[in-house]
Amino acid sequence: MASTGMQIFGFVLALLGIMGAMVATLLPNWKVSADVGSNIITAISQMQGLWMDCTWYSTGMFSCTLKYSVLSLPAYLQTARTTMVLCCVMAAMGLCLASLGLKCTRWGGGRRSKRHAAIASGGCFVAAGFLCLVPASWFTNEVITNFLDSSVPESNKFEPGGAVYVAFVSAGFLFVGGSIFCMSCSGKRHGPQDLILLPPPDKLLLQQQQQQQLLQQELQHQYCSLSPLDNKTGYSLQDYV
C-alpha cells in the first residue's frame, strides 16, 4: 500500500496533468506549418488549434481567427474539442475527490470513506488521461498522414505543434497520478486497519466515569423504591404481638 508521501506525489502529478490539459486545450498550435515562402506578402508561419487559427506574416503582423462553426470542422477536430473539455472536467472532479481521500487530511470521514474517495479519484484521473490521450493521438495521426500525402501541396502541409506534446505529457501525468491513488487503497485490509477508531484516553476515561455514576444512581433509585417489608432482613417481635 502506498504511503502518504506517495499519495501527495500522485496528487501533484495529477495537478500538473490537469494544468497541462487546460493549457493544451487553449493553445492554438496543435499543428504548425513549415516555411512556405519568402515573399513579403505571404505568411511565414501558420498555426491551427482547437478553437482558433493564427498566422504570422513576414511584415511582423499577427492575426487569429476563431472557429465559430462546429459542423464545418472535420471529425477529428470535433472529437478533440469534446474529449479535451471532458478531460478537464473529469480531472477537476478527481482533484476534489483526491483532496478528500488523502491520508494527511482531516476531512473526508473515516478510513473507509477516504479509501473509497481515493479509489474514485484515481479512476477519474485515469479516465481523464485516456480522454486526453485519444485526441492527441488522433490529431497527430491526421497531421502526419496529411504531411506524407504526396497529393497535398507543400504550402498546406503541417507538423504537430507544441500543444500536442503538452497533451501527451499531461495524459502521462494523469495516468501515473491515477494509478498511485488506485493502488494506495487497493488490497485486503489487515492489521491496524481493522481496528475500530477509539476516542482519546482522557475522553474514554471520562465516559467510563459517567457510566459508573449513572449505574450508581440507578441502583440507589431501585433501592429507595423498595417497600419497607422488602427492606427487612429478619423477623421482629412486634409483628406477632
Side-chain angles (χ1 to χ4, degrees), residues 1-27 30 49-51 75-143 160-199:
M1 181 173 293
S3 61
T4 304
M6 288 297 295
Q7 273 194 339
I8 296 176
F9 177 67
F11 185 84
V12 172
L13 289 180
L15 183 61
L16 293 176
I18 185 176
M19 292 175 62
M22 294 176 63
V23 170
T25 303
L26 299 176
L27 283 178
W30 278 69
L50 302 181
W51 312 97
Y76 73 93
L77 192 55
Q78 296 181 13
T79 305
R81 277 186 171 188
T82 306
T83 51
M84 289 302 295
V85 171
L86 289 177
C87 167
C88 295
V89 173
M90 191 69 68
M93 292 176 57
L95 285 178
C96 296
L97 292 173
S99 62
L100 299 177
L102 286 172
K103 299 178 182 179
C104 59
T105 58
R106 293 183 177 272
W107 56 80
R111 294 184 180 179
R112 189 173 185 179
S113 300
K114 283 184 172 293
R115 183 182 299 108
H116 293 166
I119 294 176
S121 64
C124 289
F125 290 146
V126 172
F130 179 76
L131 291 173
C132 186
L133 183 63
V134 168
S137 302
W138 193 358
F139 202 98
T140 303
N141 180 67
E142 290 290 335
V143 173
V164 177
Y165 302 109
V166 173
F168 278 119
V169 175
S170 301
F173 284 159
L174 290 171
F175 274 127
V176 176
S179 301
I180 291 175
F181 271 94
C182 288
M183 292 187 301
S184 64
C185 294
S186 63
K188 298 181 179 180
R189 293 175 296 175
H190 58 277
Q193 294 182 356
D194 292 333
L195 298 177
I196 301 175
L197 294 177
L198 296 176

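The figures that follow rest on heavy atoms only: side chains count, while hydrogens, waters and symmetry mates do not.
- Residue Val166 comes nearest to Gly20 through the heavy atom pair CG1-O, 3.4 Å, listed as atom of the first residue, atom of the second, then distance.
- Between the OG atom of Ser170 and the CZ atom of Phe175 there is a distance of 12.0 Å, given to the nearest 0.5 Å.
- Here the straight-line distance linking atom CE of Met6 with atom CZ of Phe181 works out to 10.5 Å at 0.5 Å rounding.
- For Phe9, the CZ atom is loosely surrounded, since the number of other residues' heavy atoms within 6.0 Å does not exceed 12.
- In terms of heavy atoms, Leu27 sits closest to Ala163 at CB-CB, 3.8 Å.
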For this session: Take Leu15 and Phe173, measure what side chain to side chain contact (heavy atoms under 4.5 Å, CB included) needs, and give me the verdict at the end.
Result: CA-CA 8 Å; Leu15 183 61; Phe173 284 159; over 6 Å; no
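- Listed for the Trp51 side chain is no donor-acceptor partner under 3.5 Å among the backbone atoms of Arg81.
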Hey, can you pull the donor-acceptor pairs under 3.5 Å for the side chains in residues 89-99, sequence neighbours left out?
| residue | atom | partner | partner atom | Å |
| --- | --- | --- | --- | --- |
| Ser99 | OG | Cys96 | O | 2.6 |

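- Between the side chain of Trp30 and the backbone N or O of Ala24, at least one donor-acceptor pair lies under 3.5 Å.
- The two residues Ala80 and Leu50 come nearest to each other via the heavy atoms CB-CD2, 3.7 Å.
- The minimum heavy-atom distance linking Gln7 with Ala118 is given by the pair NE2-CB, 4.1 Å.
- Considering OH of Tyr76 and OG1 of Thr140, their distance stands at 11.0 Å, rounded to 0.5 Å.
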Exercise. Do Thr25 and Cys87 pass the side chain to side chain contact (heavy atoms under 4.5 Å, CB included) test, and can you show the C-alpha distance, the side-chain angles, and the key distance before you say yes or no?
Worked result: CA-CA 10 Å; Thr25 303; Cys87 167; over 6 Å; no
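- Remark: Leu13 CG to Ile18 CD1 distance equals 13.5 Å, nearest 0.5 Å.
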Using atom types as modelled, flag every donor-acceptor pair under 3.5 Å from a side chain in residues 129-138 to any protein atom, sequence neighbours excluded.
| residue | atom | partner | partner atom | Å |
| --- | --- | --- | --- | --- |
| Ser137 | OG | Leu133 | O | 2.9 |
| Trp138 | NE1 | Glu142 | OE2 | 3.3 |

